[in-house]
Amino acid sequence: MTSPLDSYYTLGRTGLRVSRLALGTMTFGTEWGWGSDKETARQLFNAYADAGGNFFDTADLYTNGTSETWLGEFVAERGLRDKAVIATKFTYNGEPGNPNAGGNGRKNILRAVEGSLKRLGTDYIDLYILHTWDRVTPAEEVMRTLDDLVRAGKIRHAGLSDVPAWYASRAQTLADWRGYEPISALQLEYSLVERNIEREFTDLGTQHGMGIMVWSPLGSGLLSGKYRPSQDGGTGDGRLEAVKGSAVSAFDKFKQRNWDIVNELDAVAKAMGRSMAQVALNWVANRPGVASVILGATKLSQLNDNMAALSFEIPGELKARLDAVSAPAVEFPYSYFRDNQQVRIAGGVAVGGKPATYVPAIEIPAVDVLPAPVAQSR
Ligand SMILES: NC(=O)c1ccc[n+]([C@@H]2O[C@H](COP(=O)([O-])OP(=O)(O)OC[C@H]3O[C@@H](n4cnc5c(N)ncnc54)[C@H](OP(=O)(O)O)[C@@H]3O)[C@@H](O)[C@H]2O)c1
């Protein structure tokens, strides 16, 4: 059987072909207290590459540089640089006390890219991603600098992570109108326990050619089902236990709403005879706008479980149960865009559908972020 990892899709509007499941390397290294040692990280890398996966995600921030360094070494050991699609990120500060050694200004981007290239042991990055909005740098400066890096041959494509939708929209508009390299990926937290991006980013990505790369698809491990509620929120053996009390919002997962989702996921997974992790990953991978789901693992057994997540379909009635228990609240202004308002706007006349022969005056490119698979190589 073909592995789901060696079906490649083009990312955003680019010709770059990537696996629908990417390998996250934030767990490469023990510096943060919840990662893997080098031999385990190498096993994770090799298992993913052997299954045909070609899409690797890292960042200069991760495990203080160890993640990039080991990823570069593992790619070199296997002679995979031409096959590997390497995504890395800039924003976080690399030199305490120096405010320009962080952020999204030109000075830091040009500093950061040299560091990443050195640690990765490569002369180009396939996808260079702004890690987090710094609230100050104009999109003009970021987009011009990323375009310069493409022209200099140091990066191939550009992406944004953890930014407001208006900022990504402005960045893409600048690219379209000024001929800069467009944004081809939006890297965002998305899972059954974190669906807030559906309000803006699904439409943004699908309408404007940016494929969503999902991070923390298991809510940092919560959706594997190994945590239980406890007096101080929750308990279990894994990252969420190790980071208790952290100020990072993504780690704040022990909430009643999330326990309800975990319980329903447990029931659905049991009904299907699948692991909870597989069902949660399958659910998010098949959401509109999702280009690739970044897998995280600290053990080979976890990765093997997760890599099988696209080898089945969730039956409609079970998927509906997951959709319902995790549905995000519809708040203003989104409450004004629902069908009941549209009927009032259209004077009671149905205007939803279009005749099959309808051709829009302006073609919007790449409406589907996941177009038909390209030839399955290998
Ligand atoms: N752009 C951003 O801001 C951003 C932020 C976060 C992550 N990321 C990227 O996204 C990647 C994935 O994020 P993530 O690691 O948070 O993803 P995740 O899938 O939500 O969590 C992964 C963790 O869950 C546990 N786990 C995974 N599979 C399991 C299984 N089958 N059974 C039991 N436990 C399992 C493991 O941790 P334990 O063994 O410790 O329980 C694993 O490290 C990262 O590596 C990174 O590349 C990007």
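Read the numbers this way: they start at 1 and go in the same order the structure lists the ligands and their atoms.
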Determine whether the aromatic ring centres of Phe28 and Tyr62 lie less than 6.0 Å apart. no
Non-neighbouring partners of [X] that pass side-chain contact (heavy atoms from CB on, under 4.5 Å), sequence neighbours left out:
X	value
Val136	Asp134
Ala152	Lys154
Asn54	Tyr8, Val18, Ser19, Val85

Begin from the C-alpha positions of Asp176 and Arg13 and carry the test salt bridge (Lys or Arg N to Asp or Glu O under 4.0 Å) through to its verdict. CA-CA 12 Å; Asp176 286 345; Arg13 277 183 217 155; 3.1 Å; yes
Please check this pair: side chain of Thr69 against backbone of Gly65, looking for a donor-acceptor N/O pair closer than 3.5 Å. yes
At a heavy-atom distance under 4.0 Å, which protein residues reach ligand 1? Sort them by chain and number, would you? Gly24, Thr25, Met26, Thr27, Asp57, Tyr62, Lys89, His131, Ser161, Asp162, Gln187, Trp215, Ser216, Pro217, Leu218, Gly219, Ser220, Gly221, Ser224, Lys226, Tyr227, Gly238, Arg239, Ala277, Ile294, Gly296, Ala297, Thr298, Gln302, Asp305, Asn306
